[in-house]
Amino acid sequence: SVELLTYYEGQLVGSGSGNYFKYKGKKFILTAAHVVMYSDIKIHAKERYGVEERAAKIIYVNEKNDIALLAVEELTTIEAAPWKLKKHWTLKVGEDLHYTGHTLGSTYITVKGTVTSDGIDKVIMQGFAWMGVSGSTVFDKRGRVIGVVSAIPVGFGPSGIPQGIESLAVIQTVYELDKDTLWDIIRHEH
């Protein structure tokens, strides 16, 4: 997991999370599109000995599905995970999922949860999501990618006031990034 800091005209305007992957020798970061809406992105790879910082370049954005891929110089303090995508038809309600992200003011947080609703475009996971974890990659128990943390659902309390439901997370699936599509995106961007 890496922390993503976004800047606008040199000013820090937001943060989120992402994951560092490799596929056919190419390394990239998967995150949510809303995390990288500004053009200046810095990657913070936190590990126990310090912080490694790199600039990143947006190479793919699907705003409708809230998915983005970033090209980044090789990170040396963390190892890129191999890209393994779970087939969408094999996801089941009740299946265990997990992600690691960066909440505001926290180094790492790992959340485990279960699928409560599944679909082609999004999955609802019973498991907590807080500010800063948007863009975290969600994995199944075998380390296969399901999607990215995109939002928390909003419900309405007895007084009609909207309330975020932090015990549920909306996971935007990344099934569109099959091996051929992914390779077409990343092979010329480094």
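Just so it is clear, the values below take in all heavy atoms, side chains as well, and ignore hydrogens, waters and symmetry mates.
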Please round to the nearest 0.5 Å and tell me the distance separating atom [atom1] of [X] and atom [atom2] of [Y].
X	Y	atom1	atom2	value
Met125	Asp96	CE	CG	10.0 Å
Ile171	Ile146	CD1	CD1	9.5 Å
Glu53	Glu73	CD	CD	11.5 Å
Glu52	Leu75	CD	CG	4.5 Å

Parallel, tilted or perpendicular: ring planes of Phe21 versus Trp83, cut at 30 and 60 degrees: perpendicular
Qualifying residues under side-chain contact (heavy atoms from CB on, under 4.5 Å), relative to Thr173, sequence neighbours excluded: Val123, Tyr175
Sequence-distant partners of Val13, side-chain contact (heavy atoms from CB on, under 4.5 Å), two or more places apart: Thr6, Tyr8, Tyr38
Under-4.0 Å salt bridge between Asp140 and Lys86: yes
side-chain hydrogen bond (donor to acceptor under 3.5 Å, both in side chains) contacts in which one or both residues fall within residues 10-24, not counting sequence neighbours: Asn19-Thr137
Where at least one partner belongs to residues 109-120, residue pairs that pass side-chain hydrogen bond (donor to acceptor under 3.5 Å, both in side chains), sequence neighbours excluded: Thr100-Thr110
Residues forming a side chain to side chain donor-acceptor pair (under 3.5 Å) with Asp178, sequence neighbours excluded: Thr181
Side chain to side chain donor-acceptor pair (under 3.5 Å) against Asp121, all qualifying residues, sequence neighbours excluded: none
Check against side chain to side chain contact (heavy atoms under 4.5 Å, CB included), Glu176 and Ile67: CA-CA 10 Å; Glu176 68 193 66; Ile67 299 166; 3.6 Å; yes
